A.B. asks: 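This structure is in structure tokens; I'll ask about it shortly.
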Amino acid sequence: MLLNKYVIGCVCLAALLGCSKEQPQVIVEEVVTAEVKQFDVPLYGNYVARTDASLDVEVRARITGFVQSVEFVEGSWVNEGDLLYTIDDRPYRAKLNRVKAALQKDQAALAKAKRDVTRLKPLYEQDAASQLDYDNAISIQEQAQASLSATQAELEETKLDLEYTRITAPISGMVGSSEADLGALVGSNGISLLTTIQQIDPIFVNFNMSALDYLNAKRRMTSMMEQLQAEQQGKALEGFVRISLPDGSEYRYWGDVSFTDPKISPKTGTFKVRAKLPNPNSELLPGQYTKARIKLSELKGAIVVPEEATQVEQGGIYVMVVLDSGEIERRFIVVEHYGEQGIVASAGLSAGEQVVVKGLHRIRHGQQVKAISLAEFEKRQLTPNTGTIPLAPDKPSKQDDEKNQQGA
């Protein structure tokens with residue numbers, strides 16, 4: 001009897017000890033969420049492009065002669081009208097003096113012929129001079145006039161040749177290397193091409209667009225008037241082009257499509273597009289490869305999800321949605337487009353819902369969480385001693401694995 005009472009007492013004591021043991025506390029994880037937004041998303045075409053000078057002018061010698069001086073620095077900027085070369089002008093000055101003398105001779109001959117006609121005309125009218133003498137005088141006057149006109153034309157040509165001994169820049173731009181040194185024979189009997197000048201402000205950007213991209217861009221021009229105006233300006237489509245610099249940053253100026261090739265290459269299925277961009281600081285040089293993009297179309301009222309909120313598995317792409325009750329829901333989405341603003345989902349989400357962007361490795365479907373906004377999280381990061389939500393590591397820690405196993 002005493003033994004039974006002892007056993008019963010032990011059982012009761014064990015029961016009391018078991019009741020006094022605290023239940024494990026459920027930890028509610030904090031996660032950072034972002035709102036799913038809805039707005040119009042532009043669709044861009046991205047292409048490999050190359051810059052070209054808007055004008056590429058060859059500077060050639062128009063007369064034959066020896067280079068007397070080179071008046072520019074290779075690779076420098078020159079303005080229209082700046083002196084580039086001088087050619088020995090002594091032979092042309094001598095020719096000019098000879099033609100001027102011939103002109104004076106022809107002027108004197110014409111003056112005499114006019115006096116002869118003036119003198120013979122009244123005599124001919126009075127039958128004091130023959131018809132033959134009068135006709136010869138008129139013929140000599142006409143020949144003198146023709147000879148004078150020819151000499152005047154030769155004088156203009158000689159003056160022009162003399163002007164060509166001073167070779168000036170036809171446009172403003174960057175001058176290339178000099179192909180003729182001092183004393184070199186230039187012209188038809190020597191070096192013809194002396195240098196080149198490239199106008200790089202504005203500068204052209206050329207790239208090839210596919211037929212499908214052309215179709216999408218063409219559909220943006222909704223009215224016939226827009227299409228007609230574009231075709232009259234030598235371009236089958238309109239749009240602004242943005243390019244990138246070699247360091248990956250975007251060029252500060254936008255370009256405008258100025259020309260489109262009216263035919264598609266049967267070999268590549270693409271056609272050439274040319275855009276014109278301002279280049280006041282010479283940041284772009286001809287022959288430079290870059291990336292160009294142009295707006296092709298637009299998704300109206302698209303559902304946009306931050307890319308960091310998405311995860312991928314064999315079943316597809318999913319996000320973790322925080323419901324109004326604070327419960328996590330794993331939801332698969334249908335991706336329509338990857339854009340700069342985020343991922344466009346055509347199904348699976350609605351505007352205004354909250355998706356987890358930080359703390360994804362700590363949560364699972366059906367778990368209760370405490371959601372804070374991204375702005376609040378960034379504020380905590382800047383404020384000391386307030387506690388922060390650690391960023392998701394590449395792999396869950398050992399403590400996280402044990403916690404997940406206990407929660408399971």
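Because the structure is predicted, anything quoted here is derived from the model rather than measured. Heavy atoms only: backbone and side chains are in, while hydrogens, waters and symmetry mates are out.
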A.B. asks: Please confirm whether the backbone N or O of Q199 pairs with a side-chain atom of S54, one donor and one acceptor, at under 3.5 Å?
C.D. replies: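 Between the backbone of Q199 and the side chain of S54 there is a qualifying donor-acceptor contact (under 3.5 Å).
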
A.B. asks: Is there a donor-acceptor pair closer than 3.5 Å between any side-chain N or O of S192 and the backbone N or O of S188?
C.D. replies: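 Pair absent, no side-chain N/O of S192 close to backbone of S188.
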
A.B. asks: Do Y44 and R242 have side-chain heavy atoms sitting under 4.5 Å apart?
C.D. replies: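 Answer no - side chains too far apart.
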
A.B. asks: Go through it in stages, so that I can follow the logic: the residues are D213 and Y47, the test is side chain to side chain contact (heavy atoms under 4.5 Å, CB included), and I'd like the CA-CA distance, side-chain angles, deciding distance and then a yes or no.
C.D. replies: CA-CA 11 Å; D213 288 348; Y47 313 95; 2.8 Å; yes

A.B. asks: For D135, does its backbone N or O pair with a side-chain atom of S139 as donor and acceptor, under 3.5 Å?
C.D. replies: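 Answer holds: no.
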
A.B. asks: If only atom types and distance count, is the side chain of Q38 paired as donor or acceptor with the main-chain N or O of G301 below 3.5 Å?
C.D. replies: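 Yes, because the side chain of Q38 sits within donor-acceptor range (under 3.5 Å) of the backbone of G301.
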
A.B. asks: Any sub-3.5 Å donor-acceptor pair from N279's side-chain atoms to L284's backbone N or O?
C.D. replies: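 Judged by distance alone, yes, a pair lies under 3.5 Å.
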
A.B. asks: Please check: side-chain N/O of R330 versus main-chain N/O of R364, any donor-acceptor pairing under 3.5 Å?
C.D. replies: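 Here the side-chain-to-backbone pair does not exist.
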
A.B. asks: Just wondering, do H365 and E329 contact through their side chains at under 4.5 Å, heavy atoms?
C.D. replies: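 Result yes, sub-4.5 Å side-chain heavy-atom pair found.
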
A.B. asks: Between the side chains of Y85 and S178, does any donor sit under 3.5 Å from an acceptor?
C.D. replies: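 Checked: Y85/S178 side chains pair up, N/O donor to acceptor below 3.5 Å.
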
A.B. asks: Should the ring pair Y134 and Y124 be called parallel, tilted or perpendicular, given that the plane angle runs from 0 to 90° and is split at 30 and 60?
C.D. replies: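 Parallel, since the angle between the ring planes stays under 30°.
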
A.B. asks: Check this for me, if you would: do R293 and E250 make a salt bridge, where the nitrogen-to-carboxylate-oxygen distance has to be below 4.0 angstrom?
C.D. replies: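 Here R293 pairs with E250 in a salt bridge, since their nearest N and O are under 4.0 Å apart.
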
A.B. asks: For S69, does its backbone N or O pair with a side-chain atom of T86 as donor and acceptor, under 3.5 Å?
C.D. replies: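 Flag set: sc T86 to bb S69 pair under 3.5 Å.
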
A.B. asks: Taking all non-hydrogen atoms of both residues into account, name the closest pair between P91 and D88 and its distance.
C.D. replies: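 Taking every non-hydrogen atom into account, CD-O, 3.8 Å.
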
A.B. asks: Taking the side chain as C-beta and beyond, is there a heavy-atom pair between L194 and I167 under 4.5 Å?
C.D. replies: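 Yes, their side chains come closer than 4.5 Å.
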
A.B. asks: Could you walk me through whether T196 and V57 satisfy the side chain to side chain contact (heavy atoms under 4.5 Å, CB included) test, starting with their C-alpha distance in whole Å, then the side-chain angles of each, then the deciding distance to 0.1 Å, before giving a yes or no?
C.D. replies: CA-CA 6 Å; T196 58; V57 179; over 6 Å; no

A.B. asks: When rounded to the nearest 0.5 angstrom, what is the spacing between CD1 in I203 and CD in Q198?
C.D. replies: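 Rounded to the nearest 0.5 Å, the CD1-CD separation comes out at 8.5 Å.
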
A.B. asks: CD of E307: more than 12 outside heavy atoms within 6.0 angstrom?
C.D. replies: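 Not more than 12 within 6.0 Å, no.
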
A.B. asks: About how many Å separate CD of E283 and OH of Y251, when rounded to the nearest 0.5 Å?
C.D. replies: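 It comes to 5.5 Å.
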
A.B. asks: A144 and L110: which non-hydrogen atoms are nearest, and at how many Å?
C.D. replies: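 The pair with the smallest heavy-atom distance is CB-CA, 3.6 Å.
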
A.B. asks: So, for F204 and S258, which heavy atoms are closest and what is the spacing to 0.1 Å?
C.D. replies: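 Minimum heavy-atom separation between F204 and S258: CE2-OG, 4.4 Å.
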
A.B. asks: Test side chain to side chain contact (heavy atoms under 4.5 Å, CB included) on V67 and D181 and set out the steps.
C.D. replies: CA-CA 7 Å; V67 175; D181 296 327; over 6 Å; no

A.B. asks: Any side-chain heavy-atom pair from V31 and Q367 closer than 4.5 angstrom?
C.D. replies: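 No; the side chains remain at least 4.5 Å from each other.
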
A.B. asks: Looking at CG of L84 and CZ of R166, how far apart are the two atoms once the value is rounded to the nearest 0.5 Å?
C.D. replies: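 Interatomic distance, L84 CG to R166 CZ, rounded to 0.5 Å: 10.5 Å.
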
A.B. asks: Short question: side chain of T290, backbone of L245 - any donor-acceptor pair under 3.5 Å?
C.D. replies: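 Not a single qualifying donor-acceptor pair exists.
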
A.B. asks: To the nearest 0.5 Å, what is the distance between OG1 on T118 and CD on Q141?
C.D. replies: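 Result: 7.0 Å between the selected atoms.
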
A.B. asks: Which atom names give the shortest non-hydrogen contact between V59 and P170, and what distance separates them?
C.D. replies: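 So the minimum-distance heavy-atom pair works out to CG2-CD, 4.2 Å.
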
A.B. asks: Taking CG in N79 as the centre, count heavy atoms belonging to other residues, nucleotides or ligands within less than 6.0 Å. Is the count above 12?
C.D. replies: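 Above 12, so yes.
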
A.B. asks: Going by atom types only, do R62 and Y164 share a side-chain donor-acceptor pair under 3.5 Å?
C.D. replies: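 Side-chain D/A pair, R62 to Y164: present.
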
A.B. asks: Does the distance from a Lys or Arg side-chain N to an Asp or Glu carboxylate O, for E35 and K37, drop under 4.0 Å?
C.D. replies: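 No salt bridge links E35 with K37.
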
A.B. asks: Where do M209 and I294 come nearest, in terms of heavy atoms and distance?
C.D. replies: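 What the structure gives for the nearest pair is CE-CG2, 3.7 Å.
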
A.B. asks: Shortest non-hydrogen contact from P280 to Y253?
C.D. replies: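 So the minimum-distance heavy-atom pair works out to CG-OH, 3.5 Å.
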
A.B. asks: When rounded to the nearest 0.5 angstrom, what is the spacing between OG1 in T260 and NZ in K272?
C.D. replies: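 It comes to 11.5 Å.
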
A.B. asks: Hey, are the side chains of S350 and I303 touching, using non-hydrogen atoms and a 4.5 Å cut-off?
C.D. replies: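 No, too far: nothing below the 4.5 Å cut-off.
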
A.B. asks: Quick check against the 3.5 Å criterion: does T51 have a side-chain atom that pairs as donor or acceptor with the backbone of L285?
C.D. replies: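 Confirmed, T51 side chain pairs with L285 backbone.
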
A.B. asks: Which residue, L162, D161, L155, forms the side chain to side chain contact (heavy atoms under 4.5 Å, CB included) with K159?
C.D. replies: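 Of all the options given, the one that passes is L155.
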
A.B. asks: Report yes if some heavy atom in the side chain of V32 is under 4.5 Å from a heavy atom in the side chain of V356; otherwise report no.
C.D. replies: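 Side chain of V32 against side chain of V356, heavy atoms only: no contact under 4.5 Å found.
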
A.B. asks: Verify side chain to side chain contact (heavy atoms under 4.5 Å, CB included) between K263 and F271, making sure each step is shown before the conclusion.
C.D. replies: CA-CA 6 Å; K263 63 181 183 298; F271 69 101; over 6 Å; no

A.B. asks: Examine distances only and state if a side-chain atom of H337 and a backbone atom of V344 form a donor-acceptor pair shorter than 3.5 Å.
C.D. replies: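 No, the answer is negative, given that no donor and acceptor are paired below the 3.5 Å cut-off.
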
A.B. asks: Output the distance between atom CD (Q145) and atom CG (L148), rounded to the nearest 0.5 Å.
C.D. replies: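 Going from CD on Q145 over to CG on L148, the span is 5.5 Å.
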
